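Okay, so here's the structure we're looking at.
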Amino acid sequence: MDIIISNASEKPIYEQISSQIKALIMNGTLKEGEMLPSIRVIAKELKVSVITTKRAYADLEKDGFIEVVQGRGSFVSSRNLDFIREEQLKQAENHLTQAATIAQSSNISLEELIEMLTIIYEGDL
């Protein structure tokens, strides 16, 4: 599993780990039921504290992306398509919020913004 940690990022390391694992699950690279490396193995590979990795796994479990089975390890949760769709909608909303903020501060009209989005969405760019 390729996870890249950036010390220059504003995101905490545990958040960088969990967001990259979420992305791997959402794009299908990590499959339902697949076992994840242990917390210790990830910590050693990334040269971070076990506590940091444990926090990332705890967040993934809380968000429903992984299941932790005592004595066996951590596994990708059974795919809940509604949950994954909701996560993707949230990501799209965040990006659209950024685009709307830039448009407003640049005097780009709503109509122009909608036209740009339509062109991008339909792949005519």
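The structure presented is a predicted model; accordingly, all values stated were derived computationally and were not measured.
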Within the distance-only criterion (no hydrogens, no angle test), does the side chain of [X] pair as donor or acceptor with the backbone N or O of [Y] below 3.5 angstrom?
{"X": "S106", "Y": "I108", "result": "no"}
{"X": "E112", "Y": "S109", "result": "yes"}
{"X": "D63", "Y": "F65", "result": "no"}
{"X": "S74", "Y": "L36", "result": "no"}
{"X": "K31", "Y": "G28", "result": "yes"}

Should Y14 and V48 count as side-chain neighbours, where that means a heavy-atom distance under 4.5 Å?
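Not in contact.
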Closest non-hydrogen atom pair between [X] and [Y], with its separation:
{"X": "M35", "Y": "G73", "result": "CE-CA, 4.1 Å"}
{"X": "V50", "Y": "R40", "result": "CG2-CG, 4.3 Å"}
{"X": "S6", "Y": "Q16", "result": "N-OE1, 2.8 Å"}
{"X": "E67", "Y": "S77", "result": "CG-OG, 3.2 Å"}
{"X": "L46", "Y": "I3", "result": "CD2-O, 3.5 Å"}

For atom [atom1] of [X], is the number of surrounding heavy atoms from other residues, nucleotides or ligands below 6.0 Å larger than 12?
{"X": "N94", "atom1": "CG", "result": "yes"}
{"X": "I51", "atom1": "CD1", "result": "no"}
{"X": "E115", "atom1": "CD", "result": "no"}

Hydrophobic cluster membership, [X] vs [Y], 4.5 Å side-chain cutoff:
{"X": "L113", "Y": "L96", "answer": "no"}
{"X": "L24", "Y": "M26", "answer": "yes"}
{"X": "V41", "Y": "I25", "answer": "no"}
{"X": "I21", "Y": "I13", "answer": "yes"}
{"X": "M116", "Y": "I102", "answer": "no"}

How long is the span from the [atom1] atom in [X] to the [atom2] atom in [Y], to the nearest 0.5 Å?
{"X": "S49", "Y": "R55", "atom1": "OG", "atom2": "CZ", "result": "11.5 Å"}
{"X": "K11", "Y": "Q20", "atom1": "NZ", "atom2": "CD", "result": "8.0 Å"}
{"X": "K22", "Y": "I66", "atom1": "NZ", "atom2": "CD1", "result": "11.0 Å"}

Begin with the C-alpha distance, continue with both residues' side-chain angles, and end with the deciding distance and a verdict on side-chain contact (heavy atoms from CB on, under 4.5 Å) for I114 and E111.
CA-CA 5 Å; I114 290 170; E111 292 75 23; 5.8 Å; no
Is a salt bridge present between K90 and E87, judged by a nitrogen-to-oxygen distance below 4.0 Å?
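Salt bridge flag = yes for E87 with K90.
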Quick one: do I42 and M1 satisfy side-chain contact (heavy atoms from CB on, under 4.5 Å)? Show the steps, please.
CA-CA 9 Å; I42 292 271; M1 184 167 32; 3.6 Å; yes
